[in-house]
Amino acid sequence: VQLQASGGGLVQAGGSLRLSCVASGRTLNGYVMGWFRQAPGKEREFVVAITWNLGRTYYADSVKGRFTISRDTAKNTVYLQMNSLKPEDTAVYYCAVGKNFPTTRLSDFDYWGQGTLVTVSS
């Protein structure tokens, strides 16, 4: 599976961004797509995941109510709508594909995209 993330950029606190992740190379039936992020000097952390077939979701507490994940199965694409952004949301955001759900562990995801940078200014 190849993953291509996009949509990052610079936004003011309180603003919104939508990230996209396009998957190619195989069908995603039975898989889970997730978003992780890594802030400067910090470890990569789980943000949210969605099951491809049923669209079940699982969010990190830090983004609940502000971020929304969705998928377009026809386009093999997952979206991350980020609202009410905070400076602490600044990070490189990575999409990933795995098989386990729900899980927050990086090791449960086998394929990773290249990341897209989100910068939230105060």
Could you go through the side chain to side chain contact (heavy atoms under 4.5 Å, CB included) check for Val78 and Ile69 one step at a time?
CA-CA 7 Å; Val78 167; Ile69 191 171; 3.7 Å; yes
Could you walk me through whether Leu106 and Trp112 pass the side chain to side chain contact (heavy atoms under 4.5 Å, CB included) check?
CA-CA 10 Å; Leu106 277 70; Trp112 291 82; 4.0 Å; yes
Self-check item: side chain to side chain contact (heavy atoms under 4.5 Å, CB included) evaluation trace for Val48 with Leu80
Solution: CA-CA 9 Å; Val48 61; Leu80 181 63; 3.7 Å; yes
(request) Evaluate the side chain to side chain contact (heavy atoms under 4.5 Å, CB included) criterion for residues Phe67 and Asp89: first the C-alpha distance (whole Å), next the side-chain angles of each, then the deciding distance (0.1 Å), finally the verdict. (result) CA-CA 11 Å; Phe67 291 10; Asp89 294 318; 3.9 Å; yes
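Of the possible polar contacts, one joining the Gln114 side chain to the Ala5 backbone as a donor-acceptor pair under 3.5 Å is found. No donor-acceptor pair under 3.5 Å is formed between the side chain of Arg18 and the backbone N or O of Gln81. Side-chain atoms of Asp108 do not come within 3.5 Å of backbone N or O of Thr103 as any donor-acceptor pair. Under a 3.5 Å cut-off, the side chain of Thr77 and the backbone N or O of Val22 do not form any donor-acceptor pair. Put simply, the side chain of Arg71 gets close to the backbone of Trp52: a donor and an acceptor are under 3.5 Å apart. Looking only at distances, a side-chain donor or acceptor of Thr116 sits under 3.5 Å from a matching main-chain atom of Gly8.
Residues passing the ring pair (Phe, Tyr, Trp, His ring centres under 6.0 Å) test with Tyr79: none are found, sequence neighbours excluded.
Cation-pi geometry between Arg56 and Phe101 is not satisfied (NZ or CZ under 6.0 Å from the ring centre, within 45° of the ring normal).
Of all heavy-atom pairs spanning Leu3 and Ala23, the tightest one is CD2-CB, 3.6 Å. When all heavy atoms of Val1 and Val97 are compared, the pair lying nearest together is CG1-CG2, 4.3 Å. Taking each heavy atom of Leu117 and Ala91 in turn, the nearest pair found is CD1-O, 3.6 Å. Closest non-hydrogen pair, Gly30 versus Asn53, comes out as N-OD1, 2.9 Å.
Atom OH of Tyr58 is surrounded by 12 or fewer heavy atoms from other residues, nucleotides or ligands within 6.0 Å. Within 6.0 Å of NZ on Lys99 lie more than 12 heavy atoms contributed by other residues, nucleotides or ligands.
The aromatic rings of Phe36 and Phe109 sit perpendicular, their planes meeting at an angle over 60°, well past the 30° parallel limit.
Between Thr51 atom OG1 and Leu28 atom CG the span is 11.5 Å, to the nearest 0.5 Å.
Ser16 and Asn83 share a donor-acceptor pair across their side chains, judged by distance under 3.5 Å alone.
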